[in-house]
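A, B, ... follow the sequence lines: proteins, then strands. Residue 1 opens every chain.
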2 protein chains.
Amino acid sequence: MTPLGRTELKATSQRSVILDIVRAGKGHLDADEIYQRARERLPRLSLSTVYRALAKFKETGLIEERHLDENHHHYEISHHDEHHHLICTGCGKVVEFKLPITEIIIEKVPQAAGFKINHSGELSLSGMCPDCQKKAT
Amino acid sequence: MTPLGRTELKATSQRSVILDIVRAGKGHLDADEIYQRARERLPRLSLSTVYRALAKFKETGLIEERHLDENHHHYEISHHDEHHHLICTGCGKVVEFKLPITEIIIEKVPQAAGFKINHSGELSLSGMCPDCQKKAT
DNA sequence: GTTGATGCAAATCCTTTGCAGGGCA
DNA sequence: TGCCCTGCAAAGGATTTGCATCAAC
């Protein structure tokens, strides 16, 4: 079986399909969406396998868990640059952008002095995109 | 019964106790913690009342819901200035700080142009505080 | 052959809802 | 009085876990 990145995880077909889907999903899929898509290729797949695979991937740093909204998680392949999300409350569109928030904070926030902020610092803002603002009028 | 801020909500003893606790909790209590504390004063209180009161308070803008961690919500009295949280992964300490992230983004992120970012934009970072870094060595 | 991964079902956690009774305006 | 609020119990969605089986190393 093709190895999964450079991890020590046992490579199974389930895992490679799941990882594939997360990769193709451009980062904004939740567990259930991943499950639905994976099932088209592996009809006997179970949801718990999806959760367990995602947990392992997260543990080894292959993917990251995001909290775009309040009720469940979304997953994306780990990037190495710091990026964040802006979600339109109108149409649900997700805009990804880069900004070194961590640096900005270290620089401007005295209370953060000495804190070792980890890479997974995440910023999710919501707002209304130009299109939806027009529609709303 | 003492009115609850300047809202039109019906004032009940449950609600005033709950609001009191949220206020005293300095913003980092979840529903169950609020429930436990409120029960000391109102032994017959039910958890659903807590959830319903929090929902109402949120709706009227009296409090805000935060997503400091992955599994449940935290509540705090609405502030009028934009502030964010830095959570220590070692001891769980929460440091609040002020920073006009929204402005910074509008200014530096081209993709955000035209977006109307709403006030509730929130940033939660995690990291390790100086004390915990020492202990970890 | 071992060890870790899977599928299934049941369990758990957090939150919401239905309903009948009760309290504030 | 009328309407909103409450408590209780049951329902709901997301995620986790126990267990026997199975596949990767």
Side-chain angles (χ1 to χ4, degrees), chain A residues 1-22 25 28-60 62-75, chain B residues 1-22 25 28-60 62-75:
Chain A
M1 187 107 284
T2 332
L4 295 167
R6 14 192 130 39
T7 65
E8 319 238 299
L9 297 181
K10 202 168 273 193
T12 66
S13 51
Q14 288 87 334
R15 287 181 174 177
S16 78
V17 168
I18 292 169
L19 193 53
D20 244 34
I21 289 173
V22 174
H28 311 117
L29 299 178
D30 61 30
D32 197 65
E33 288 163 330
I34 294 167
Y35 173 57
Q36 298 305 338
R37 298 188 189 192
R39 264 194 141 186
E40 294 168 13
R41 294 199 242 161
L42 298 168
R44 306 211 45 195
L45 180 69
S46 89
L47 226 202
S48 35
T49 299
V50 172
Y51 276 108
R52 284 191 269 228
L54 293 172
K56 281 291 181 193
F57 294 163
K58 187 172 80 165
E59 209 176 278
T60 55
L62 230 38
I63 66 173
E64 278 167 30
E65 192 179 70
R66 292 281 189 159
H67 319 123
L68 297 186
D69 76 15
E70 0 223 323
N71 306 308
H72 55 292
H73 308 149
H74 290 237
Y75 300 86
Chain B
M1 188 106 282
T2 333
L4 295 167
R6 7 190 138 39
T7 66
E8 318 238 300
L9 297 181
K10 203 166 272 192
T12 65
S13 52
Q14 288 89 333
R15 288 180 174 179
S16 80
V17 168
I18 292 168
L19 193 53
D20 243 34
I21 289 172
V22 174
H28 312 119
L29 300 178
D30 62 30
D32 197 65
E33 288 164 330
I34 293 168
Y35 173 57
Q36 298 305 338
R37 298 190 189 190
R39 263 195 142 184
E40 293 169 11
R41 295 199 242 163
L42 298 167
R44 308 211 42 199
L45 180 68
S46 87
L47 225 203
S48 34
T49 299
V50 172
Y51 276 108
R52 283 192 269 230
L54 293 171
K56 280 291 180 192
F57 295 163
K58 188 171 79 164
E59 208 176 281
T60 54
L62 230 39
I63 65 173
E64 279 166 29
E65 193 179 69
R66 293 279 188 161
H67 318 123
L68 298 186
D69 76 15
E70 1 225 319
N71 306 309
H72 55 290
H73 307 151
H74 290 236
Y75 299 87

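Distance check: A/His74 NE2 to A/Glu65 CD gives 10.5 Å after rounding to the nearest 0.5 Å.
Note: OH (A/Tyr35) to C1' (C/dT6) measures 13 Å, nearest angstrom. Between the P atom of D/dA14 and the CD atom of A/Gln36 lies a distance of 11 Å, rounded to the nearest Å. Between B/Glu65 atom CD and C/dC14 atom P the separation is 15 Å, expressed in whole Å. Atom NE2 in B/His72 sits about 14 Å away from atom P in C/dT16, given to the nearest Å. Straight-line distance from the CG atom of A/Asp30 to the P atom of D/dA14: 8 Å, rounded to whole Å. Distance NZ (A/Lys58) to C1' (D/dT16): 12 Å, rounded to an integer number of Å. Taking atom NZ of A/Lys56 as the reference point, atom P of D/dT16 lies 13 Å away to the nearest angstrom. When the C1' atom of D/dC4 is taken as reference, atom CD of B/Glu59 falls 13 Å away, rounded to whole Å.
Note on A/Thr49: a side-chain N or O is less than 4.0 Å away from OP1 or OP2 of C/dG7. The phosphate of D/dT15 has neither OP1 nor OP2 within less than 4.0 Å of any side-chain N or O from A/Arg52. Residue A/His73 has a polar side-chain atom (N or O) positioned under 4.0 Å from OP1 or OP2 of D/dT15. Listed pair A/Gln14 / C/dG7 meets the phosphate criterion, a side-chain N or O lying under 4.0 Å from OP1 or OP2. The shortest distance between the side-chain N/O atoms of A/Tyr51 and the OP1/OP2 oxygens of D/dT15 is below 4.0 Å.
Put simply, the side chain of A/Val50 does not reach to within 4.5 Å of the side chain of A/Asp32, judged on heavy atoms.
Residue contacts for B/Leu47: at a heavy-atom cut-off of 4.0 Å it reaches a base atom on one of the strands shown.
Nearest to the side chain of A/Arg15, among D/dC5, C/dT6, D/dC25, sits C/dT6. Here the nucleotide nearest the side chain of A/Arg44, chosen from C/dG7, D/dT15, D/dG7, is C/dG7. Listed nucleotides: D/dA24, C/dT6, D/dG7. Nearest to the side chain of A/Lys10: D/dA24. Taking every side-chain heavy atom of B/Ser46 into account, D/dC8 is the closest of D/dC8, C/dA5, C/dG7.
Applying the 3.5 Å distance criterion, the base of C/dC8 shares a donor-acceptor pair with the side chain of A/Ser48.
A/Glu33 places a side-chain N or O within donor-acceptor distance of the main-chain N or O of A/Asp30, the cut-off being under 3.5 Å.
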